[in-house]
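Take this structure first; my questions come after.
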Amino acid sequence: MILGMKVRKHDLDDMLKFNPKTLEFHFSDSDLNLNVDRNFDQQLIVHCYEYFDRKLLDIVSLEETNQIHSQEKTLELIQKAIDKTISFNEHFKGKPTIIIHPGGYSLNELNPSMIQKMKDKLVDAVKQLDLKNMNFLLENMPPYAWFFGGRWNSNVFLDASEMVNYCKETGLRVCFDLCHSQLYCNTKKLSLVDELQKIENYVDHYHLSDAGGIDGEGLQFGEGDLPFEKIIPILNKYKNTSFAIEVWKGHEHGGAGFKEFLDKVIENGLVVG
């Protein structure tokens, strides 16, 4: 597989020491003004901001609230991130990629009809974006996410079958977060291997970390529930597909947590080119 590293501008040099072939910049809303003063041999991935002006982006938003932008505003803000990614890519090699969280958030559990309304909005929303010269990847969500100090429900883009249908309707591909999927599988008593085998042919980029329980994200290798011994042989079929490690605070101390995970996943058979 192709090694990518999660970066922000302040830890860029630390992450370059891993000799990655892609750099995944995790944007905040202030990064619309981000500039760099050199060129890079890597391909660019931008992970779009989840918040803007202290409100969540939500592609399938049913209404604007004091914590969630409207769908219209969300699409406007995502388009700004897309345009920034294209201009920022002048410093990188190849075609740029942007990763987007679809949203579908609620503080309370929603009834099935409300969830279906969200799901029905997704494809039409994505088609409103100008994606020329851009590789656009939606990322699968975990069942629960922490925002503003509280636990929210994620209601769309959790199930691999739903993701496959989206890919077939749009002709687009996805970023598959194995940690998020494992958490979803834990809540629904599903098999991560089964989910991966459904979606693997539609994945352009993976996020890797271990996962535990229903909301334990970003765990170090071997500290959660991921069946790496079954997952790694599947991933090894895709030598031209990239991945980035998302261990919690893995960037600290020069990327020590990222290095630990990378060393362990290679020791357990992942072929990294």
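Heads up: numbering here begins at 1 and tracks the sequence. The figures here come from the full heavy-atom set of this structure, side chains too, leaving out hydrogens, waters and symmetry mates.
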Among side-chain atoms of Q182 and N186, is any donor-acceptor pair under 3.5 angstrom?
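Side chains of Q182 and N186: pair found under 3.5 Å.
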Near E229 CD, under 6.0 Å, is it more than 12 heavy atoms from other residues, nucleotides or ligands?
yes
Say whether, by atom type as modelled, one donor and one acceptor occur between the side chain of T74 and the main chain of L57 under 3.5 angstrom.
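No; judged by distance alone, with no hydrogens or angles, the pair does not exist.
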For atom NE2 of H91, decide whether the heavy atoms of other residues, nucleotides or ligands shown that lie under 6.0 angstrom number more than 12.
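Enclosed: over 12 neighbouring heavy atoms sit under 6.0 Å from NE2 of H91.
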Using a 4.5 Å cut-off on heavy atoms from C-beta on, say whether the side chain of D53 contacts that of K73.
no
Rounded to the nearest 0.5 Å, what separation is found between the CG atom of N133 and the NZ atom of K95?
7.0 Å
Around K259, counting heavy atoms of other residues, nucleotides and ligands shown, do more than 12 lie under 6.0 Å from its NZ?
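Check fails, neighbour count at 12 or below.
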With a 4.5 Å limit on heavy-atom distance, are the side chains of L32 and F52 in contact?
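SC-SC contact between L32 and F52 confirmed.
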Given 3.5 Å as the limit, does a donor-acceptor pair link the side chain of D177 with the main chain of N140, or not?
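Side chain of D177 to backbone of N140, a donor-acceptor pair under 3.5 Å: no, none is there.
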Is the side chain of E139 donor-acceptor paired with the backbone N or O of H101 at a distance under 3.5 Å, no angle test?
no
Starting at CD of Q116, measure out to CG of N155 and round the result to the nearest 0.5 Å.
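Taking CD in Q116 and CG in N155, the distance rounds to 11.5 Å.
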Check: E24 side chain, V46 main-chain N or O, donor-acceptor pair, under 3.5 Å
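Judged by distance alone, no pair lies under 3.5 Å.
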Would a distance-only check, ignoring hydrogens and angles, find a side-chain to backbone donor-acceptor pair under 3.5 Å from D11 to R8?
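Yes; at least one donor-acceptor contact below 3.5 Å.
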Distance from I115 atom CD1 to D120 atom CG, nearest 0.5 Å?
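Rounded to the nearest 0.5 Å, the CD1-CG separation comes out at 12.0 Å.
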Would a line drawn from the ring center of F258 to the ring center of F18 be shorter than 6.0 Å?
no
Check this for me: does any side-chain nitrogen of one of K17 and D13 sit under 4.0 Å from a carboxylate oxygen of the other?
no
What do the steps show when you test L219 against W248 for side chain to side chain contact (heavy atoms under 4.5 Å, CB included), and what is the final call?
CA-CA 6 Å; L219 303 184; W248 176 246; over 6 Å; no
Drop me the distance from M1's CE to K21's NZ, to the nearest 0.5 angstrom.
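Here the rounded value is 12.5 Å.
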Under the criterion ring-ring contact (aromatic ring centres under 6.0 Å, His included), which of F148, F27, Y105 is the partner of Y51?
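Result: among F148, F27, Y105, F148 is the only option passing the ring-ring contact (aromatic ring centres under 6.0 Å, His included) with Y51.
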Keeping D204 on the side-chain end and T241 on the backbone end, is there a donor-acceptor pair under 3.5 Å?
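No; judged by distance alone, with no hydrogens or angles, the pair does not exist.
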Between the side chain of K84 and the main-chain N/O of L34, is any donor-acceptor distance below 3.5 Å?
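It does hold such a pair.
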Would you say that L235 contacts L208 through its side chain, given a criterion of any heavy-atom pair below 4.5 Å between the two side chains?
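They are in contact (side-chain heavy atoms under 4.5 Å apart), so the answer is yes.
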For residues E169 and N165, is any side-chain donor paired with an opposing acceptor at under 3.5 Å?
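Distance-only check fails for E169 and N165.
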Taking the side chain from D14 and the backbone from G255, do they hold a donor-acceptor pair closer than 3.5 Å?
no
Go through L172 and L131 one step at a time and tell me if the side chain to side chain contact (heavy atoms under 4.5 Å, CB included) criterion holds.
CA-CA 10 Å; L172 299 170; L131 304 180; 4.0 Å; yes
Value for CG (L190) from CG (L158), rounded to nearest 0.5 Å, stands at 10.5 Å
Do Q43 and T97 make a side-chain contact, defined as non-hydrogen atoms from C-beta onward lying under 4.5 Å apart?
no
Look only at the side chain of D31 and the backbone of S28, and say whether a donor-acceptor pair between them is shorter than 3.5 Å.
yes
Close side-chain approach of L270 and F228, heavy atoms under 4.5 Å
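When only atoms from C-beta onward are counted, F228 and L270 do not touch, as no gap falls below 4.5 Å.
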Closer than 3.5 angstrom, by distance alone: can the side chain of S209 be matched with the main-chain N or O of C179 as a donor-acceptor pair?
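Between the backbone of C179 and the side chain of S209 there is no qualifying donor-acceptor contact (under 3.5 Å).
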Side chain to side chain, D130 and I82, heavy atoms closer than 4.5 Å:
no
Just do the side chain to side chain contact (heavy atoms under 4.5 Å, CB included) check on K230 and L196 with the steps written out, would you?
CA-CA 10 Å; K230 297 177 181 178; L196 176 57; over 6 Å; no
Using 30° and 60° as the class boundaries, would you call the ring planes of H47 and H207 parallel, tilted or perpendicular?
parallel
Within a strict 4.5 Å, meaning less than it, do heavy atoms of the Y184 and E195 side chains meet?
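Yes, their side chains come closer than 4.5 Å.
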Looking at F25 versus F88, is the centre-to-centre ring distance below 6.0 Å?
yes
Is I231 close to L192 at the side-chain level, that is, under 4.5 Å between some pair of heavy atoms?
yes
Worked verdict on N201 versus Y238 for side-chain hydrogen bond (donor to acceptor under 3.5 Å, both in side chains):
CA-CA 9 Å; N201 291 325; Y238 299 94; 2.9 Å; yes
